[in-house]
Amino acid sequence: MMDIVTAMEWNYVSTLASEGNYGESGVEAFIQISRETGGVCIAQSLKIPREPRTGEFDKIIRRLLETSNARAVIMFANEDDIRRVLDAAKKNNQTGHFLWVGSDSWGSKISPVIGQERVSEGAITILPKRASVDAFDRYFRSRSLSNNRRNVWFAEFWEENFNCKLGMHGKRPGSLKKCTALEKVGRDSSYEQEGKVQFVMDAVYAMAHALHRMHRELCYGYPGLCPRMASNIDGKELLSHIRAVNFNGSAGTPVVFNENGDAPGRYDIFQYQITNKSIAEYRVIGSWTNKLHLRVEAMRWKTGDPSLPPSVCSIPCRAGERKKVVKGVPCCWHCERCEGYHYQASEFTCELCPYEMRPDVNRTGCVAIPIIKLEWHSPWAIFPVFISMLGIIATSFVIVTFVRYNDTPIVRASGREMSYVLLTGIFLCYAITFLMIATPDVGVCSFRRIFLGLGMCFSYAALLTKTNRIHRIFEQGKKSVSAPRFISPASQLVITFSLISVQLMGVFVWFAVDPPHTVVDYGEQRTQDPTSARGVLKCDISDLSLICSLGYSILLMVTCTVYAIKTRGVPETFNEAKPIGFTMYTTCIIWLAFIPIFFGTSQSAERMYIQTTTLTISLSLSASVSLGMLYMPKVYVILFHPEQNVPKRKRSFKAIVTAAAMSGKLGQKGGDRPNGEVKTELCESMETNTSSTKTTYVSYSNHAI
């Protein structure tokens with residue numbers, strides 16, 4: 001019966017036994033086996049009293065329903081108790097709920113299920129495998145009152161079987177017909193061999209074989225009983241001979257006993273089924289001989305339903321859920337889902353996936369976290385690339401224009417050498433966008449380190465040199481008429497590239513201390529939902545390293561801004577300090593906005609996109625401001641007003657010094673004029689020979705020093 005329960009995948013059952021040796025010992029044996037084998041838990045173990053009170057069976061049904069998940073009920077009960085239990089289940093409207101498993105006391109008997117076919121449907125019962133003994137049938141049919149006088153109960157059987165009375169001394173009361181003694185078993189009455197005839201015959205033969213073996217051992221060669229057997233037979237010795245017998249029984253099957261004295265079990269397994277024609281009958285669905293042979297496909301439930309009904313305390317956990325067993329009841333558990341980055345490592349445990357992995361869809365294992373990077377088709381990349389391409393085109397156009405008109409007054413007045421350095425820096429600021437979006441590898445990471453701050457360094461080193469030169473010229477002019485040192489184009493280039501070399505030296509030291517390489521950052525987009533987790537492929541450049549790389553350029557920018565402020569009051573006729581000042585003010589505003597955006601998004605899941613886009617756009621805007629304020633007006637004049645791009649009267653350094661001195665004296669008057677504008681008399685006198693709509697461009701390099 002335990003094998004049947006296991007085969008049906010039932011792990012939570014109740015037991016029901018009639019009070020007495022048969023029922024109680026059967027349930028006890030079943031419970032003991034369930035403990036030894038494991039896998040089957042007993043929900044309740046109930047007992048039917050010998051003399052049940054009124055309502056006792058209704059109470060039993062209610063008790064069984066307290067553990068409603070334990071639908072299977074293992075029954076070791078007599079026929080009458082089985083019938084009353086089924087009737088109580090029917091009265092309590094539990095038809096189809098319980099799954100009855102009956103012992104051989106139920107077997108294939110009709111009496112317990114008459115009138116209760118529906119509530120009994122699906123019941124599984126067992127019966128010892130039996131065979132009809134033809135010799136017994138021939139013998140029993142030949143028995144009559146005359147040839148079977150030695151059986152004292154045969155007369156009573158005769159009256160019962162033929163429904164008659166044997167004279168005035170008959171056992172059956174009432175006015176029945178008189179027996180003629182000519183009746184014949186099997187002709188004048190129905191006859192079917194009792195199922196246990198085979199086992200009774202084999203038991204008698206087993207005793208006979210044991211006595212024969214014992215006689216040969218104790219009385220060898222002695223006819224009849226020898227004194228050793230006649231005087232006193234040792235029961236234990238006889239039992240050992242009984243357990244040692246081995247012969248073919250009446251049905252042709254071997255009769256043997258194990259060490260416990262039990263004969264090998266051979267059972268037929270039945271199921272009570274209702275066919276499509278509403279015919280209820282027991283059908284053989286398997287057998288048991290040392291092991292179970294069950295034809296599950298032959299089983300029927302609920303009038304033709306072939307699926308196996310459950311009798312379990314807890315349903316199996318789904319994939320990705322672990323069992324949390326209820327204390328003391330190993331067949332009952334709660335299912336807990338493995339959360340976060342945990343996966344189901346075993347039936348009872350969840351474990352954390354490795355850092356670079358996440359649970360699969362079913363949470364039964366781990367899979368690698370997808371690796372992403374900033375793609376060219378991403379909106380975060382399209383806009384910066386578009387700005388950069390426009391900037392590169394515009395910068396290239398300015399460079400081509402300056403080269404084409406290299407010897408014209410406007411180009412020369414702008415400081416050709418420094419202009420080309422500045423334009424190179426602007427070009428690099430635009431070009432770095434493509435390196436920041438490109439797929440990271442060792443080469444790309446190396447170029448990022450080199451060019452990330454180099455473009456700004458070129459631009460602000462050139463602007464710083466320019467503003468410093470202007471400041472020194474006019475400061476020197478306030479003191480003496482001698483020219484300051486290092487204001488020639490060559491000196492300016494040396495100063496500029498000296499400033500740039502500091503940036504390059506820092507980058508090379510960075511290369512030596514920490515060679516460039518790529519990393520996959522799994523923490524940046526490690527979201528609470530593992531399905532959204534991504535690993536970010538990027539260069540191993542921390543935020544601190546990035547700021548250090550840009551820090552020198554920002555220092556140049558701030559210093560340049562300071563000089564732009566200092567030179568804001570010089571005569572605009574002689575320099576481009578004011579355009580440089582406006583450029584630096586705007587650039588500072590851009591980078592002041594960049595810093596909170598860049599660092600404020602360090603915890604965002606979109607950090608990679610936001611920071612890359614912010615950095616590239618800030619670089620492009622800085623370059624655009626420099627290009628637009630410093631060079632677009634000059635290109636406009638060169639291309640559309642060539643009449644203004646003509647040589648003007650050269651001025652000596654003495655004139656410049658004089659202008660500087662006058663500017664210093666009249667500087668106090670700036671507060672009395674709108675917007676702080678200062679117009680010197682010298683400037684006015686220098687413009688008398690020039691049309692009021694024209695601007696005079698002066699190249700400081702052409703002055704006599």
Side-chain angles (χ1 to χ4, degrees), residues 18-23 48-54 56-57 75-88 90 102-117 120 125 127-208 249-251 268 270 272 279-282:
S18 294
E19 188 176 12
N21 182 62
Y22 172 79
I48 303 173
R50 292 183 187 275
E51 297 179 1
R53 297 188 298 270
T54 303
E56 186 70 34
F57 290 94
M75 298 182 68
F76 287 85
N78 58 52
E79 292 181 39
D80 187 55
D81 286 344
I82 293 171
R83 181 180 56 79
R84 291 202 242 180
V85 168
L86 295 176
D87 183 59
K90 181 179 179 181
S103 64
D104 57 348
S105 63
W106 186 338
S108 58
K109 295 176 182 176
I110 299 298
S111 58
V113 297
I114 291 177
Q116 300 171 143
E117 289 80 4
S120 306
T125 62
L127 194 63
K129 190 181 286 291
R130 59 188 180 180
S132 179
V133 183
D134 295 336
F136 179 83
D137 287 341
R138 291 192 300 270
Y139 170 80
F140 195 77
R141 285 193 178 103
S142 68
R143 297 299 90 190
S144 66
L145 293 173
S146 60
N147 62 14
N148 197 24
R149 294 183 183 277
R150 67 190 179 100
N151 190 335
V152 296
W153 295 287
F154 193 70
E156 184 178 346
F157 164 77
W158 196 270
E159 288 181 335
E160 181 74 25
N161 190 49
F162 295 109
N163 197 23
C164 62
K165 185 177 181 181
L166 290 172
M168 57 187 307
H169 298 291
K171 302 292 185 182
R172 291 174 63 86
S175 57
L176 300 174
K177 67 177 181 176
K178 187 177 181 180
C179 299
T180 63
L182 299 177
E183 294 90 358
K184 191 172 181 62
V185 175
R187 185 192 67 185
D188 300 319
S189 67
S190 61
Y191 167 76
E192 182 181 0
Q193 186 179 123
E194 166 61 41
K196 295 182 175 61
V197 168
Q198 169 196 351
F199 307 113
V200 174
M201 293 177 64
D202 289 344
V204 173
Y205 275 111
M207 179 63 74
S250 56
D268 284 324
F270 297 87
Y272 192 67
I279 299 175
E281 60 181 352
Y282 290 98

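Remember, predicted model here, so these are calculated numbers, not experimental data.
- Closest heavy-atom contact between Trp158 and Ser144: CZ3-CA, 3.8 Å.
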Handout entry: Check against side chain to side chain contact (heavy atoms under 4.5 Å, CB included), Asp188 and Phe162
Key = CA-CA 7 Å; Asp188 300 319; Phe162 295 109; 3.7 Å; yes
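- Rounded to the nearest 0.5 angstrom, Arg50 CZ and Ser18 OG are separated by 9.5 Å.
- A salt bridge links Asp80 with Arg84: the closest approach of a Lys/Arg side-chain nitrogen to an acidic carboxylate oxygen falls below 4.0 angstrom.
- Donor-acceptor pairing under 3.5 Å is recorded for the side chains of Asp137 and Tyr191.
- Every residue two or more places apart in sequence or in another chain that forms a side chain to side chain contact (heavy atoms under 4.5 Å, CB included) with Arg150 is listed here: Tyr139, Asn148.
- Other residues, nucleotides and ligands place more than 12 heavy atoms under 6.0 Å from the CZ atom of Phe140.
- In this structure, Met75 CE and Ser103 OG are separated by 8.5 Å, a value rounded to the nearest 0.5 Å.
- Ser250 and Asp202 form a side-chain donor-acceptor contact under 3.5 Å, judged by distance and modelled atom types alone.
- The two residues Leu145 and Ala155 have their closest heavy-atom pair at CD2-CA, 4.2 Å.
- Taking CZ from Phe270 and NZ from Lys109, the interatomic distance works out to 12.5 Å, rounded to the nearest 0.5 Å.
- More than 12 heavy atoms of other residues, nucleotides or ligands sit less than 6.0 Å from atom CZ of Arg187.
- At least one donor-acceptor pair closer than 3.5 Å links the side chain of Gln198 to the backbone N or O of Ala131.
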Practice task
Show your working on side chain to side chain contact (heavy atoms under 4.5 Å, CB included) between Ile48 and Glu56 and close with a plain yes or no.
Solution key: CA-CA 8 Å; Ile48 303 173; Glu56 186 70 34; 5.8 Å; no
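- Between Thr125 and Gly107, the shortest heavy-atom contact is OG1-O, 2.6 Å.
- Interatomic distance, Trp106 CH2 to Arg83 CZ, rounded to the nearest 0.5 Å: 12.5 Å.
- With ring centers used as reference points, Phe157 lies 6.0 Å or more from Trp153.
- With contacts defined as side-chain heavy-atom distances shorter than 4.5 Å, the pair Val185/Arg143 does not qualify.
- Between the Glu117 side chain and the Gly115 main chain, a donor and an acceptor come within less than 3.5 Å of each other.
- Note that OH of Tyr272 is 6.0 Å distant from OG of Ser120, once rounded to the nearest 0.5 Å.
- Formation of a donor-acceptor pair under 3.5 Å by the Ser105 side chain with backbone atoms of Asn78 is not found in this model.
- Residues Ser189 and Asn161 come closest through the heavy atom pair OG-ND2, 2.6 Å.
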Practice task
Let me see the working for Lys165 and Glu159 under side chain to side chain contact (heavy atoms under 4.5 Å, CB included), right down to the final yes or no.
Solution key: CA-CA 6 Å; Lys165 185 177 181 181; Glu159 288 181 335; 4.1 Å; yes
Problem - Tyr282/Leu127 under side chain to side chain contact (heavy atoms under 4.5 Å, CB included): CA gap, chis, key distance, verdict - result: CA-CA 11 Å; Tyr282 290 98; Leu127 194 63; over 6 Å; no
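- Note that the CZ atom of Phe154 and the CG atom of Asn147 stand 7.0 Å from one another [nearest 0.5 Å].
- Nearest heavy atoms, Glu19 versus Pro49: OE1-CA, 3.4 Å.
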